[in-house]
2 protein chains.
Amino acid sequence: MNLNPADAQFLKEGYLMAPLSDTEFADVLAHANVRTLTQGECLFNQGDPVTHFFFVLSGVINLCRVAPSGEEKVMDLVRPGFFFAEAAMFMGGRYPVNARGLEATRVVALDSKHFVGLVRGNGDLCLRLLSKMSRRMHEMINEIDNLTLHSGAQRVIGYLLEQLPEGAASPSVKLSVPKHVIASRLGIQPETLSRVLAKLRGKQLIDVHDDMIVLNDVDALRRLS
Amino acid sequence: MNLNPADAQFLKEGYLMAPLSDTEFADVLAHANVRTLTQGECLFNQGDPVTHFFFVLSGVINLCRVAPSGEEKVMDLVRPGFFFAEAAMFMGGRYPVNARGLEATRVVALDSKHFVGLVRGNGDLCLRLLSKMSRRMHEMINEIDNLTLHSGAQRVIGYLLEQLPEGAASPSVKLSVPKHVIASRLGIQPETLSRVLAKLRGKQLIDVHDDMIVLNDVDALRRLS
DNA sequence: CCATCTGATTGACCTAAATCAAGGCGGGAT
DNA sequence: ATCCCGCCTTGATTTAGGTCAATCAGATGG
């Protein structure tokens, strides 16, 4: 089944696709298709030869391994917006785990040989990919640091400052997603986010108008994060 | 200044070096040297041409950017065991940030052109790197999930199960690092780790003898994580 | 042998944030 | 209009885990 434009756009934002030029991406798309899995349906088994790697559009994929003792161990749960089996794709050989839909799930299946060929034949693309992945890893390290050594309030402030465009005229942020999604990304409950914003509003540091937040004192906020 | 064997070993464990063969690594080492920075000393400036990328041996590196408005913004703090400026190395051009020692700091400076040349001339190496980085990213995603949606006790149990060798005869774990380091990795205080272990001991789920921990009921523990 | 130091443990206490519960508000559909 | 139904906010309560502090066991060293 082919990808619709919304799926393609979502896929393009994935870290393995973002570094591709438009023509390269179109080339990859020509070797891709959508698979819809029912709950529990198997996508591939441990030991199968690697033919594709995947990107989750919706639902959740369960990557599990069957130990010699027979018990099944969940190795990873893959959520929308993330790839899986890319490491296997790059190395070739056989899949080290089973992949099943944990619920009804849609994935993009991308041709493994084709993508490896693309990377092999293009040193520049390879370096772009490595560069992109390096940056992503630094972001994730920072995210882990934030979660462990900053308070919820500090993470909220950090998020607001992050969203602030570089040289913006008025220091204001428009939230592009519902507040409960932001709360989840920051690792806090929606109630807590609401309370933090209320407290900052009380201190005159910000103004909140629905999804529009004006940062009244960027310096003070920066000192708090 | 040259690397001593301990430094080289530490560097080899970094994600960019782990995929290299011994001869490739030796080749990289031949183009590497150690720089010792005093507190506040500059390693490179924003806008300098990219000549090296780096690995922190000890201390902390402060990566900061000077905004047009003149104020200095800390972009990243890099701790021992991590690389920095690798993304810039892969892309070439100029460093997008300043790098300074936040305290007295030792780093390995690796020749940028040489490493890029190595990767460019060796498609297999390139794929090994991409594969390794993919795996690392999955690990980090899991770490973030753990931090946000598991309790401290669950993370401790998860850690113990992780350390458990695949088909070990006796289900026991020998802690290779001091407890306070483990606590830090799990994002909790040493006191909390101690309490969690005490509670598990109280429930007869584990036995603790100094740095040796025996898992009495692996299944029960697995259910709790 | 004692002095000291480091890491681990335990207790008392406190704070940040989760949870539970009750409205409020705007946008659709009927 | 009225009724819902998400989404957000706010309040009351609970709890996990951090902080502070005392103690203890081993290690090191004079």
Side-chain angles (χ1 to χ4, degrees), chain A residues 58 80 143-160 163 172-216 221 223-225, chain B residues 58 80 143-160 163 172-216 221 223-225:
Chain A
S58 65
E143 207 170 326
I144 292 174
D145 280 358
N146 277 340
L147 287 171
T148 51
L149 40 92
H150 286 333
S151 74
Q154 288 173 315
R155 295 203 294 275
V156 172
I157 295 172
Y159 177 82
L160 291 176
Q163 299 302 306
S172 63
V173 172
K174 181 160 166 46
L175 306 178
S176 55
V177 292
K179 287 206 172 83
H180 67 267
V181 175
I182 295 172
S184 159
R185 276 197 44 164
L186 297 173
I188 57 178
Q189 299 309 112
E191 294 97 323
T192 305
L193 173 59
S194 187
R195 278 183 248 272
V196 169
L197 292 177
K199 186 167 280 186
L200 294 175
R201 186 148 35 84
K203 291 189 194 167
Q204 308 289 331
L205 293 174
I206 64 173
D207 284 326
V208 181
H209 305 98
D210 292 327
D211 61 350
M212 198 65 184
I213 298 183
V214 182
L215 280 53
N216 292 326
L221 289 170
R223 275 193 298 277
L224 289 175
S225 68
Chain B
S58 66
E143 205 169 328
I144 292 174
D145 280 359
N146 277 340
L147 288 171
T148 52
L149 37 93
H150 287 331
S151 72
Q154 287 172 316
R155 294 204 293 277
V156 172
I157 295 172
Y159 176 83
L160 290 177
Q163 298 302 307
S172 62
V173 173
K174 179 157 168 51
L175 306 179
S176 54
V177 291
K179 287 205 173 86
H180 68 267
V181 175
I182 295 172
S184 160
R185 277 195 44 164
L186 296 172
I188 58 178
Q189 299 310 114
E191 293 97 324
T192 305
L193 173 59
S194 186
R195 276 182 250 273
V196 168
L197 291 178
K199 186 167 281 186
L200 293 175
R201 187 147 35 83
K203 292 189 194 168
Q204 306 289 332
L205 293 173
I206 64 173
D207 284 325
V208 181
H209 305 98
D210 291 328
D211 61 350
M212 199 65 183
I213 299 183
V214 181
L215 279 53
N216 291 326
L221 290 170
R223 276 194 298 277
L224 290 176
S225 69

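We name chains A, B, ... by the order of the sequence lines, and we start the count at 1 in each one. These numbers were taken from a predicted model, which means no experiment stands behind them.
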Go through B/Ile213 and B/Leu160 one step at a time and tell me if the side-chain contact (heavy atoms from CB on, under 4.5 Å) criterion holds.
-> CA-CA 9 Å; B/Ile213 299 183; B/Leu160 290 177; 4.0 Å; yes
Take B/Ile157 and B/Leu200 through the side-chain contact (heavy atoms from CB on, under 4.5 Å) test and state the conclusion after the steps.
-> CA-CA 9 Å; B/Ile157 295 172; B/Leu200 293 175; 4.0 Å; yes
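Each end of the helix from C/dC1-D/dG30 to C/dT30-D/dA1 yields a helix axis from five base pairs, and these two axes differ in direction by 30° (to the nearest 10 degrees).
One interatomic measurement links the two molecules: CG of A/Leu224 to C1' of C/dA16, which rounds to 16 Å at whole-angstrom precision. Separating the CG atom of A/Leu193 from the P atom of C/dA16 is a distance of 17 Å, rounded to the nearest angstrom.
Of the inter-residue distances, the one linking B/Ser172 atom OG with B/Leu215 atom CG reads 8.0 Å to the nearest 0.5 angstrom. Put simply, NZ on A/Lys179 and CG on A/Leu193 are 7.0 Å apart, with the number rounded to the nearest 0.5 Å. Atom CG of A/Leu197 sits about 8.0 Å away from atom CG of A/Leu175, to the nearest 0.5 Å.
With sequence neighbours excluded, no residue forms a side chain to side chain contact (heavy atoms under 4.5 Å, CB included) with A/Ser194. Take B/Gln163 and apply the side-chain hydrogen bond (donor to acceptor under 3.5 Å, both in side chains) test, not counting sequence neighbours, and it matches no residue. Looking at residues two or more places apart in sequence or on another chain, you find a side-chain hydrogen bond (donor to acceptor under 3.5 Å, both in side chains) between B/Ser151 and B/Gln154.
Sorted by residue number, the list of members of residues 197-214 of chain A with any non-hydrogen atom under 4.0 Å from DNA chain C is empty. Taking every heavy atom of residues 176-186 of chain A and every atom of DNA chain D, pairs under 4.0 Å involve A/Pro178, A/Lys179, A/His180, by number.
Applying the salt bridge (charged side-chain N to carboxylate O under 4.0 Å, His left out) test to residues at least two apart or on different chains, none of the pairs has a partner in residues 185-202 of chain A.
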Side-chain donor/acceptor pairs under 3.5 Å, residues 203-211 of chain B, sequence neighbours excluded:
from: B/Asp207; atom 1: OD2; to: B/Asn216; atom 2: ND2; distance (Å): 3.3
from: B/Asp211; atom 1: OD2; to: B/Lys174; atom 2: NZ; distance (Å): 2.8

Please produce a list of atom pairs where a protein N or O lies less than 3.5 Å from an N or O of nucleotides 23-25 of chain C.
none

Taking N or O atoms only and anything under 3.5 Å, show me the protein contacts with nucleotides 20-28 of chain D, one pair per line.
from: D/dC20; atom 1: N4; to: B/Glu191; atom 2: OE2; distance (Å): 3.3

Atom pairs under 3.5 Å, N or O on each side, protein against nucleotides 14-17 of chain D: can you list them with distances?
from: D/dG17; atom 1: OP1; to: B/Gly152; atom 2: N; distance (Å): 2.5

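Shown here for A/Gly158 and A/Ser225, the closest heavy-atom pair between the two residues is N-CB, 4.3 Å. Closest approach of B/Pro80 and B/Ser58 over heavy atoms only: CG-CA, 3.8 Å. The shortest non-hydrogen separation linking A/Leu147 to A/Leu186 is CD2-O, 4.0 Å. When all heavy atoms are compared, the tightest approach of A/Arg155 to A/Gly187 is NH2-O, 3.6 Å.
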